[in-house]
Amino acid sequence: MAHSTDAPTRRALAFRVEGMDCGSCADKIRTALWRLPGVSSVKVTFATESVNVEVEDGGPTEEAIERQIAALGYTPRRVEAKTSARRLHQDREQDPHETHDHHAPPLGNVPEARVAGSAASIPAADRAKRREEATEAHDHSHGHGHEHEDTGDRRWWETAKGRLVLLTGVLLVVAWGSKLVIPAFSPWLFVAATLIGAFPVARRAVAAARAGMPFTIEMLMAIAATGAIVIGAAEEAALVVFLFAVGEVLEGVAAGRARASIRALGELVPKTAMLEEAGATREVPADSLQVGQTVMVRPGDRIPADGIILSGTSGIDESAVTGESVPKTKGPDDPVFAGSINHEAVIRLRVEKAAEDNTISRIIRLVEEAQEAKAPTERFIDRFSRWYMPLIVVAAVLVALVPPLLFGQDWGTWIYRALALLLIGCPCALVISVPASIASSLSAGARRGILMKGGVVIEGVAKAQMVAFDKTGTLTEGRPKVTDVVGISMSEGDVLSLAASLETGSSHPLATAIVARANAQAVPLRRTQGITAVPGQGLEGIVEGCELFLGAPRFARDRAAFDSRAAEMAERLESEGKTVAALVGEGRPLGLIALRDESRADAREAVAELKALGIGSVMLTGDNKRTAAAIAGSLEMDERAELMPDDKVTAIRALAEHQSVMMIGDGINDAPALAAAQVGVAMGSGTDVALETADAALLRNQVRDVARMVRLARATMANIRQNITIALGLKAVFLVTSVLGLTGLWIAILADTGATVIVTANALRLLGFFQETGSSGGTRPGAPATLKPATA
Ligand SMILES: Nc1ncnc2c1ncn2[C@@H]1O[C@H](COP(=O)(O)OP(=O)(O)OP(=O)(O)O)[C@@H](O)[C@H]1O
Ligand SMILES: [Zn+2]
């Protein structure tokens, strides 16, 4: 196995390949390219129609690679290797059957999709190097006279497969016509129609066989068509070839539709921007914007780039990114996302991200890549179909030989039945059944700010039996406010002043609240020294020569003797659901500050909805037992309190021992707990982090989205089961009828095409999941309009 040194002799080549409709098409190309000597890595993504190849010195030219892809029946186009270097890196040193980014976890319970976010953790130096590689690849791609622009999805009749339908259709009609006029001549016309129609298919079959894949749909087709001509069933052969071509096109249309629905998200970013330069504004393409430039956005326009507002205050609708359509008022220094609608006033913003790094671009990329993270069910189907086709071929051979040889039956009849059986062997509907559902589901979720990183995650979410919520910032707003200040051996003002002085050294939400209160009351702050956080307890430091501790009363009591009045006071405040910070100095209690963090408006409803789905909820918190019980009680859920930061991981592990646990947190300081759960979900909080850290992300700050996500995941799994049943059921029925001679060749191929269409149509129903169920919440204006299939 060649070890990867980032040798400059490697070239990264990128292609956009038209005609891949499913994972098995992608597999075919992957295997074929992998066999070319000098190819060091291959990455094929059918969702993005992209093929990225890395070639060593002396390896195949881009023309050779294009030829190989074209021989399999797909249409490659050279594109700039823009982001390919980053992706390629992850694929080195893998054999062709594992060239997905994602590997099956050994026990199947660690969601593999976690790997998908790994690019984010690449050290900066490494990333810079890769950017160099990418630019280098870019340089290479010039000077080869290939077309560079991305022409997007073409109409079906403009594709190779579409043209085959038209050609075979016309030939068929001509042959039928001649049957009426000169019947003697028509059999030859049918033969001609079959041969012309089957020729490209046979060529693909041969190319695939030479690349090591003898059992392909194309091979079955080619054998069946040839066989039918040999036994004198030319008319049917021509019909079979035509129906096969139609099926391929329909499949392509369906795949294009799921693709289009994901890309539609990107269409929410405007094409142009008003760039401010040297005191003047001019219109420029949005994807030419560079970090640091200033753009102006008029009311009613969509924001062209992720940025920070420089001036102007306006209502911003971020539904394109988060699914939340209630506009937020934003002003100077607030971040905004590309694709958001500026409602009220002119704003000027500084561009913070280049076009391909915008949050919405990353969401789209994430959803597209998520399709490659195969669910366990999908892996099973893949394995099954690898066996299924050869098995059917063996069965067909037996059907053709055994009855005539052993029982003296008629050869023609049984060969005919065997050929029909071969056509039943096309696993297309089966192969497409799972990925089609998953693609639709991912897209439907993304429109609501519900991002799941692949089939593994969907399957995990659907199976969840228990949801563990982090308290602060997830179940609660995460913005505690001071409610009471109690002086024990000094005035309230002094307590607040000392506490706030300490808290200036902390970024804990409680600290922010206490400092804000002191500022609001214009309480003077004092000079501090050596402030250190005591994790899970509070903080210590010296203020005006006096050693102080501020933190949870249960730890304050280790440091000072609380009289019963002070202890009772703290307990009473805690039972009201407030968090108490006790101030201690020189072994004496000085005062108490109570804070309250309101639970989110929909938290209670969310817990009830989960319960209705048969899922239990538990709150995890570092806060004390009484406060936790008061808050959890009002939300009607269980709680685990007084957890030190590491305890959360232990608590999740304990819960996960006998049930499937999903953990919801902010993704920032609870990443280890998220990782310990079967499914880790980041909610709200800086979209950036949420996108990278967890298995799934809920971009709106709505707890009810947890229940929505579960419903979507369960609907997806149900949809997958329906699809598998349809695909296998139809196969089983026609397998029997073909052998019994009840149905013939063209019914056999129609059954395959039909099943593929039914299965895809069923999967596409998921795109409308949220409209159908009427789940309230934000909708994405404009999205439904762009949902129309781009290929139809
Ligand atoms: N800066 C601080 N000021 C005052 N009290 C603090 C501070 N930091 C921690 N504490 C105390 O320690 C407890 C545990 O803190 P920790 O940060 O582990 O949990 P949390 O983030 O407040 O709650 P959750 O686990 O629900 O997110 C807090 O409830 C609080 O009583
Ligand atoms: Zn396919």
Inset, instruction - Quick one: closest heavy-atom pair of Pro270 and Arg302, and the distance? - result: CG-O, 3.4 Å

Inset, instruction - Measure from the side-chain N and O atoms of Asp317 to the backbone N and O of Ile341, and report whether any donor-acceptor pair falls under 3.5 Å. - result: no

Legend entry - Glu605 and Val703, any side-chain heavy atoms less than 4.5 Å apart: no

Inset, instruction - Check Ala707 against Leu610 and note the closest heavy-atom contact, atom names and distance. - result: CA-CD2, 3.9 Å

Inset, instruction - Any chance you could lay out the side chain to side chain contact (heavy atoms under 4.5 Å, CB included) test for Ile664 and Val467, step after step, and finish with the verdict? - result: CA-CA 7 Å; Ile664 322 284; Val467 178; 3.5 Å; yes

Inset, instruction - Test Met452 against every option in Leu712, Val681, Asp695, Ile438 by the side-chain contact (heavy atoms from CB on, under 4.5 Å) rule and name the one that passes. - result: Leu712

Inset, instruction - First locate atom CD1 of Ile364, then atom CG of Asn358, and finally report the distance between them rounded to the nearest 0.5 Å. - result: 9.5 Å

Inset, instruction - Check the pair Ile747 / Leu742 against side chain to side chain contact (heavy atoms under 4.5 Å, CB included), numbers first and verdict last. - result: CA-CA 10 Å; Ile747 293 279; Leu742 297 175; over 6 Å; no

Inset, instruction - Give a yes or no on whether a salt bridge exists between Arg700 and Asp705, defined as a side-chain N under 4.0 angstrom from a carboxylate O. - result: yes

Legend entry - Closest contact, heavy atoms only, Ala338 versus Val321: O-CG2, 3.7 Å

Legend entry - Leu220 side chain reached by Met389 side chain, heavy atoms, under 4.5 Å: yes

Inset, instruction - May I ask you to test the Ile29-Leu72 pair for a side-chain heavy-atom distance under 4.5 Å? - result: yes

Legend entry - Closest non-hydrogen atom pair, Leu698 against Met709: CD2-SD, 4.0 Å

Inset, instruction - May I ask you to test the Phe337-Thr322 pair for a side-chain heavy-atom distance under 4.5 Å? - result: yes

Legend entry - Point-to-point distance, once rounded to the nearest 0.5 Å, from OG1 of Thr474 to CE of Met683: 5.5 Å

Legend entry - Residues in side-chain hydrogen bond (donor to acceptor under 3.5 Å, both in side chains) contact with Glu236, at least two apart in sequence or another chain: Tyr416

Legend entry - Straight-line distance of Met717 CE to Glu459 CD, nearest 0.5 Å: 3.5 Å

Inset, instruction - Look at the side chain of Ser440 and the backbone N and O of Ala763, then say whether any donor-acceptor pair between them is shorter than 3.5 Å. - result: yes

Inset, instruction - Quick one: list whatever passes side-chain hydrogen bond (donor to acceptor under 3.5 Å, both in side chains) with Arg600, sequence neighbours left out. - result: none

Inset, instruction - Tell me, with the steps shown, if Glu356 and Asp287 meet side chain to side chain contact (heavy atoms under 4.5 Å, CB included). - result: CA-CA 8 Å; Glu356 72 264 21; Asp287 55 13; over 6 Å; no

Per-pair distances, 0.1 Å, donor-acceptor, side chain in residues 749-756, under 3.5 Å, sequence neighbours excluded:
from	atom 1	to	atom 2	distance (Å)
Asp752	OD1	Lys731	NZ	2.7
Thr753	OG1	Ile749	O	3.0
Thr756	OG1	Asp752	O	2.7

Inset, instruction - Apply side chain to side chain contact (heavy atoms under 4.5 Å, CB included) to Ile724 and list each qualifying residue two or more places apart in sequence or on a separate chain. - result: Thr377, Ile381, Ser433, Val434, Ile720, Leu728

Legend entry - Candidates Leu421, Leu423, Leu243 - the one meeting side-chain contact (heavy atoms from CB on, under 4.5 Å) with Leu745: Leu423

Legend entry - side-chain hydrogen bond (donor to acceptor under 3.5 Å, both in side chains) against Arg721, all qualifying residues, sequence neighbours excluded: none

Legend entry - 4.5 Å side-chain heavy-atom contact, Phe769 and Arg448: no

Inset, instruction - Would you mind reporting whether Ile615 and Met662 have side-chain heavy atoms less than 4.5 Å apart? - result: no

Inset, instruction - Take Met221 and Val241, measure what side chain to side chain contact (heavy atoms under 4.5 Å, CB included) needs, and give me the verdict at the end. - result: CA-CA 8 Å; Met221 263 302 304; Val241 170; 4.2 Å; yes

Inset, instruction - Give the minimum heavy-atom separation between Val165 and Val246, together with the two atoms involved. - result: CG2-N, 3.6 Å

Legend entry - Those residues that, when tested against Ser437, pass side-chain hydrogen bond (donor to acceptor under 3.5 Å, both in side chains) (two or more places apart): Asn719, Asn723

Inset, instruction - Look up atom CG in Leu366 and atom CD1 in Ile360, then write down how far apart they are to the nearest 0.5 Å. - result: 12.5 Å

Legend entry - Spacing of CD belonging to Gln702 relative to CZ belonging to Arg708, to within rounding of 0.5 Å: 5.5 Å

Legend entry - Non-hydrogen atoms of Leu767 and Ala444 that approach each other most closely: O-CB, 3.8 Å

Inset, instruction - Determine, for Arg711 against Glu609, whether the closest basic-nitrogen to carboxylate-oxygen distance falls under 4.0 angstrom. - result: yes

Legend entry - Any side-chain heavy-atom pair of Thr216 and Arg204 under 4.5 Å: no

Legend entry - Point-to-point distance, once rounded to the nearest 0.5 Å, from CD of Glu218 to CZ of Phe244: 5.0 Å

Legend entry - Side-chain touch Leu451/Ile363, heavy atoms, less than 4.5 angstrom: yes

